[in-house]
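Note that the structure is a prediction, hence the values are computed from the model and not measured.
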Amino acid sequence: MYIISAVVEKNQSKVALFDKEYKFLAKKEGAVADVAGLCSEIITEAGINASDVAYAGVAADEILSGLEEKLGVRVLGTTLINAKALGEAYELNDADTLVIVKIDETVECGIIMDKKAYTGAHNQSAKLAHMVIGFGGYECTCGRRGCFEAYASISGLNRIAAESGVAGAGELTHAQLFAMDTPEAKSAQKLYVEYLASGITNIVNLFQPRHLVLDGAFTKVGDALMTPVIDIILRDQYTHSNPNKCEIRFANTEADTALLGAALLGR
């Protein structure tokens, strides 16, 4: 038997074929509207039939209706961040527990427990971006105040920079802010590090994962940002005195872990 994996992100879709041992066999890319067509093409080009496919795992933040009927194959769905979490965990010797935190314009979190993605009652990823880390603080897009996302996202970074009086605040990236050496920038950097590390430490304390995976452009900034953030997480996690502390690593950007994770949905 075979497995089809599909990932839909922004204006692009990727489809892959795996064997029953989750070995990658083939891949195709195209527009979002072409998912069903790409799946059909990859089946045909492999010389197999729909009846040879155990299921199609689809990672998309919006459900693709009608795909199951078009393919004649059972379709299992999840969010992009959950698929990435599953793929990262599998590549880490099929880890039992893992948390991935991705930060850019938003904050997304995926949780792996007992080798399965936590989805709750609504088949979604864990909405840890909307836990409050600053009561009565910045207004969040969700309508609450003080959410982790309101501080850790790009917009949160720029709000902190603006309040600190940093030149250019409003359009800064993580790399730009942490390359600055003014007193205002140093103040903003310190505040951002504290908020970011506080939110991530809360997540580690909640789930006690074996692995914490950090993803997003902020991980490319270097020691100016990552060293103090990781130091705080290691210092403040509840099990800081345990020799088997949570292992912190960066996401694998060389492999398409979301495609792998979507393929793992039916196991």
Self-check item: Full working for salt bridge (charged side-chain N to carboxylate O under 4.0 Å, His left out) between Arg210 and Glu247
Solution: CA-CA 6 Å; Arg210 171 61 60 200; Glu247 296 180 12; 5.2 Å; no
Quiz item: Would a hydrophobic clustering, with Ile, Leu, Val, Met, Phe, Trp and Tyr connected at side-chain separations under 4.5 Å, put Val229 with Ile248?
Solution: yes
Quiz prompt | For Leu76 against Gly266, the heavy-atom pair lying closest together | solution = CD1-CA, 3.4 Å
Practice problem: Mind listing the closest non-hydrogen atom pair of Val204 and Cys246 along with its distance? | Solution: CG1-CB, 4.2 Å
Quiz item: With a 6.0 Å cut-off on ring centres, are Tyr2 and Phe18 close enough?
Solution: no
Quiz item: Can you list the steps and then say if Leu128 with Ile111 is a side-chain contact (heavy atoms from CB on, under 4.5 Å)?
Solution: CA-CA 10 Å; Leu128 299 173; Ile111 310 296; 3.7 Å; yes
Quiz item: side-chain contact (heavy atoms from CB on, under 4.5 Å) between Asp215 and Val101: does it pass, once the steps are laid out?
Solution: CA-CA 6 Å; Asp215 191 17; Val101 180; over 6 Å; no
Quiz prompt | Phe178 vs Tyr192 side-chain heavy atoms within contact, under 4.5 Å | solution = yes
Quiz item: Would Glu163 and Tyr138 count as having a side-chain donor-acceptor pair, cut-off 3.5 Å?
Solution: yes
Quiz item: Do Cys109 and Ile81 come within less than 4.5 Å of each other through their side chains, counting heavy atoms only?
Solution: no
Practice problem: Any side chain to side chain donor-acceptor pair (under 3.5 Å) involving residues 30-39? Give me the pairs, sequence neighbours left out, ordered by first then second residue. | Solution: none
Quiz item: Hey, are the side chains of Thr106 and Glu149 touching, using non-hydrogen atoms and a 4.5 Å cut-off?
Solution: yes
Quiz item: Would you find a donor on one side and an acceptor on the other, under 3.5 Å apart, between the side chain of Asp19 and the backbone of Glu21?
Solution: yes
Exercise. Using the side-chain contact (heavy atoms from CB on, under 4.5 Å) rule, take Cys39 and Ile4 through it: C-alpha gap first, then chi angles, then the decisive distance, then the call.
Key: CA-CA 7 Å; Cys39 290; Ile4 291 177; 3.8 Å; yes
Quiz item: Could you walk me through whether Asp52 and Lys20 pass the salt bridge (charged side-chain N to carboxylate O under 4.0 Å, His left out) check?
Solution: CA-CA 11 Å; Asp52 297 317; Lys20 63 180 181 180; over 6 Å; no
Quiz prompt | Met1 CE to Ile48 CD1 distance, which is reported to the nearest 0.5 Å | solution = 9.0 Å
Quiz item: Are there more than 12 heavy atoms of other residues, nucleotides or ligands under 6.0 Å from atom OH of Tyr118?
Solution: no
Quiz prompt | Worked verdict on Leu191 versus Ser164 for side-chain contact (heavy atoms from CB on, under 4.5 Å) | solution = CA-CA 9 Å; Leu191 278 172; Ser164 299; 4.2 Å; yes
Quiz item: At their closest point, which heavy atom of Ala117 faces which heavy atom of Leu86, and how far apart are they?
Solution: N-CD2, 3.9 Å
Quiz item: Are Leu67 and Val7 in one and the same hydrophobic cluster, where Ile, Leu, Val, Met, Phe, Trp and Tyr link if side-chain heavy atoms are under 4.5 Å apart?
Solution: no
Practice problem: Assess whether atom OH of Tyr238 is packed by more than 12 heavy atoms of other residues, nucleotides or ligands within 6.0 Å. | Solution: no
Quiz item: Taking C-beta and beyond as the side chain, do Met226 and Phe250 meet within less than 4.5 Å on heavy atoms?
Solution: yes
Quiz item: CD1 of Ile112 to NE2 of His211: how many Å apart, nearest 0.5 Å?
Solution: 11.5 Å
Quiz item: Mind checking what makes salt bridge (Lys or Arg N to Asp or Glu O under 4.0 Å) contact with Arg74, not counting sequence neighbours?
Solution: none
Quiz item: Is there a path of hydrophobic side-chain contacts, each under 4.5 Å between heavy atoms of I, L, V, M, F, W or Y residues, that connects Val107 with Met131?
Solution: yes
Quiz item: Does Arg267 pair with Asp94 as a salt bridge, N-O distance under 4.0 Å?
Solution: yes
Practice problem: Would you check if the side chain of Asn158 reaches a backbone N or O of Glu171 as a donor-acceptor pair within less than 3.5 Å? | Solution: yes
Quiz item: Distance from Lys23 atom NZ to Leu260 atom CG, nearest 0.5 Å?
Solution: 14.0 Å
Exercise. Answer yes or no: is there a donor N or O on one side and an acceptor on the other, between the side chain of Ser187 and the main chain of Pro183, under 3.5 Å?
Key: no
Quiz item: Taking side chain as C-beta onward, heavy atoms only, is Phe207 less than 4.5 Å from Leu212?
Solution: no
Exercise. Report whether Tyr22 and Leu98 are members of the same hydrophobic cluster (ILVMFWY, side-chain heavy atoms less than 4.5 Å apart, transitive linking).
Key: yes
Quiz prompt | salt_bridge(Glu29, Lys27) N-O dist < 4.0 Å | solution = yes
Quiz item: In Å, rounded to the nearest 0.5 Å, how long is the span from CG of Asp104 to CZ of Phe218?
Solution: 9.5 Å
Quiz item: Any link between Leu71 and Leu265 through a network of hydrophobic side chains (Ile, Leu, Val, Met, Phe, Trp, Tyr) touching at under 4.5 Å?
Solution: no
Quiz item: Roughly how far apart are Ser13 OG and Lys10 NZ, rounded to 0.5 Å?
Solution: 15.0 Å
Quiz item: Judged by atom type as modelled, is there a donor-acceptor pair below 3.5 Å linking the side chain of Ser5 to the main-chain atoms of Leu259?
Solution: yes
Quiz item: If you look at every heavy atom in Thr201 and Ile232, which pair is closest and at what distance?
Solution: OG1-O, 4.3 Å
Exercise. Taking the side chain as every heavy atom from C-beta outward, state whether Glu68 and Val73 have any atom pair closer than 4.5 Å.
Key: no
Quiz prompt | Nearest-0.5 Å distance, CG of residue Leu214 to CD1 of residue Ile233 | solution = 6.0 Å
Quiz item: Below 4.0 angstrom, N of the basic side chain to O of the carboxylate: do Glu9 and Lys14 qualify?
Solution: no
Exercise. Taking Ser153 for its side chain and Ala150 for its backbone only, find out whether a donor-acceptor pair lies under 3.5 Å.
Key: no
Self-check item: Close side-chain approach of Ile200 to Phe148, heavy-atom, < 4.5 Å
Solution: yes
Quiz item: Short question: side chain of Gln176, backbone of Thr173 - any donor-acceptor pair under 3.5 Å?
Solution: yes
Quiz item: So which heavy atom on Leu38 is nearest to which on Gly30, and how close?
Solution: CD1-N, 3.6 Å
Quiz item: How close do Ile3 and Ala263 get, heavy atom to heavy atom, and via which atoms?
Solution: CG2-O, 3.7 Å
Quiz prompt | salt bridge (charged side-chain N to carboxylate O under 4.0 Å, His left out) assessment of Glu88 paired with Lys84 | solution = CA-CA 6 Å; Glu88 292 282 349; Lys84 193 153 195 178; 5.3 Å; no
Quiz item: Is any side-chain heavy atom of Val75 less than 4.5 Å from a side-chain heavy atom of Tyr55?
Solution: no
